[in-house]
Amino acid sequence: LTQANVLSEAGGGAVYRQQATSGDLGELLTGYPFLAERPAGASLEGYLFPDTYEIPQEGATAADVLARQLDAFANRVVPLYQAARQEGATDLTLHQVLTLASIVEREAVVPEERPTIAGVYLNRLASGIKLDADPTVQYAKGYNPASGSWWDDLALTDLETVQSVYNTYVHYGLPPSPICNPGRAAIEAALNPQSSDYLYFVAKGDGSHAFAVTFEEHLSNVERYRSP
């Protein structure tokens, strides 16, 4: 934001990152009651709706940009969540929905698979099985200056050795907060998942996944799609 001269204040990009990371918006926070549902100390990750925004060429501040993103979230996501709750489509809190949706956002490549992937994770949660979601481990590893990426490919050893509450290969349940800012489609998938008995999936290598009900079937899919 600073490099693009979007923010007029000195160090505007750093101010934006600090406020988004800390979740401390001061008086601005009172205008967004849905943020009160976040766990103590949670950042704004997951709540900054990804979209194209028109920012004034001059005079914009970090608070202005954050407010535009939160306004979009309030207008486009909160009504979806409220409707799903009223219809009994979900019993998750808004924070849990966003956390699940953020994993779906990072996992799904084929748009049509989003509801299926969301359904798999919900089935695993209901069955008391760890999510084993690769994107949570990538998030836990963080930014790699050598590759310039936040989402490096994982080594098998990473799944068990990365020590973080976000590592769903080690910890049960959802991670404590979203791992990205999910788009509307991923949020809709988390609110309206496909009903199935699937508990497993593996990437086919073309962006799509092979889904399985049993672990034996899953192992067969792994052998088929991950064999050299």
Side-chain angles (χ1 to χ4, degrees), residues 17 20-21 39 42-48 50 95-183 185-187 189-190 193-194 196 198-228:
R17 287 191 297 273
T21 301
S43 74
L44 296 181
E45 189 146 35
Y47 296 83
L48 300 176
H95 192 74
Q96 290 171 327
V97 167
L98 295 175
T99 303
L100 173 60
S102 71
I103 301 174
V104 173
E105 180 73 42
R106 291 300 313 173
E107 189 72 69
V109 176
V110 178
E112 293 77 16
E113 288 189 349
R114 290 191 186 107
T116 309
I117 291 173
V120 171
Y121 286 136
L122 288 169
N123 288 346
R124 293 178 73 91
L125 288 171
S127 300
I129 304 173
K130 292 193 293 291
L131 295 187
D132 290 355
D134 288 5
T136 64
V137 185
Q138 292 174 304
Y139 180 82
K141 290 188 68 175
Y143 179 72
N144 181 355
S147 66
S149 174
W150 288 91
W151 305 98
D152 276 348
D153 292 337
L154 297 173
L156 284 177
T157 54
D158 291 332
L159 307 182
E160 301 294 338
T161 60
V162 172
Q163 298 302 309
S164 169
V165 292
Y166 285 90
N167 186 347
T168 56
Y169 278 87
V170 175
H171 298 280
Y172 286 87
L174 288 166
S177 62
I179 63 172
C180 71
N181 291 299
I187 295 170
Q194 178 179 316
S196 76
Y198 293 141
L199 288 171
Y200 308 93
F201 60 81
V202 64
K204 292 183 178 180
D206 62 357
S208 66
H209 296 82
F211 297 88
V213 174
T214 68
F215 187 59
E216 291 73 18
E217 182 184 358
H218 174 62
L219 289 179
S220 177
N221 286 337
V222 169
E223 183 177 359
R224 176 180 179 183
Y225 292 108
R226 290 190 175 174
S227 296

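Not measured: the values here are computed from a predicted model. The residues of the chain are indexed from 1 along the displayed sequence.
- The distance from atom CG of L100 to atom NE2 of H95, rounded to the nearest 0.5 Å, is 12.0 Å.
- Nearest heavy-atom pair across T168 and G173 is CG2-O, 4.0 Å.
- In plain terms, the two heavy atoms of A203 and Y225 that are nearest each other are O-CB, 3.8 Å.
- Legend: salt bridge (Lys or Arg N to Asp or Glu O under 4.0 Å) pairs involving residues 109-124, not counting sequence neighbours, sorted by first then second residue: R124-D132.
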Residues L199, I129; criterion side-chain contact (heavy atoms from CB on, under 4.5 Å); working and verdict: CA-CA 9 Å; L199 288 171; I129 304 173; 4.1 Å; yes
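- When all heavy atoms are compared, the tightest approach of P182 to P50 is O-CD, 3.4 Å.
- Pairs of residues two or more places apart, or lying in two chains, that qualify as salt bridge (Lys or Arg N to Asp or Glu O under 4.0 Å) and include a residue from residues 141-165 are K141-D158.
- Contact annotation: the side chain of I179 approaches that of I103 to within less than 4.5 Å [non-hydrogen atoms, C-beta and beyond].
- One finds the CZ atom of F211 at 6.5 Å from the CZ atom of F201 (value rounded to the nearest 0.5 Å).
- Distance check: N181 CG to L98 CG gives 9.0 Å after rounding to the nearest 0.5 Å.
- C180 has its side chain within reach of S102: a pair of non-hydrogen atoms, C-beta onward, lies under 4.5 Å apart.
- To the nearest 0.5 angstrom, H209 atom NE2 is 11.0 Å from T116 atom OG1.
- A donor-acceptor pair under 3.5 Å is absent between the side-chain atoms of N144 and the main chain of S149, judged by distance alone.
- A donor-acceptor pair is defined here as one N or O able to donate and one able to accept, closer than 3.5 Å; no such pair exists between the side chain of N167 and the backbone of T136.
- In this structure, the separation between CG on L122 and CD on Q96 is 10.0 Å, given to the nearest 0.5 Å.
- Separating the CH2 atom in W151 from the CD atom in Q138 is a distance of 6.5 Å, to the nearest 0.5 Å.
- Evaluation of the ring pair (Phe, Tyr, Trp, His ring centres under 6.0 Å) rule for Y200 yields F215, H218 as partners, not counting sequence neighbours.
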Atom pairs and distances, donor-acceptor, side-chain atoms in residues 104-111, under 3.5 Å, two or more places apart:
{"from": "E105", "atom 1": "OE1", "to": "G183", "atom 2": "N", "distance (Å)": "2.9"}
{"from": "E107", "atom 1": "OE1", "to": "Y121", "atom 2": "OH", "distance (Å)": "3.0"}

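- Summarising the geometry of Y166 relative to A140, their closest heavy-atom pair is CB-CB, 4.2 Å, with the distance given to 0.1 Å.
- Using a distance-only test at 3.5 Å, with no hydrogens or angles considered, a donor-acceptor pair links the side chain of N123 to the main chain of Y198.
- Nearest heavy atoms, V170 versus L159: CG2-O, 3.8 Å.
- Remark: Y169 engages no residue in a ring pair (Phe, Tyr, Trp, His ring centres under 6.0 Å) (not counting sequence neighbours).
- Checking side-chain atoms of S43 against main-chain N and O of E45 turns up a donor-acceptor pair under 3.5 Å.
- In terms of the ring pair (Phe, Tyr, Trp, His ring centres under 6.0 Å) criterion, residue partners of W150 (sequence neighbours excluded) are, by chain and number, Y143.
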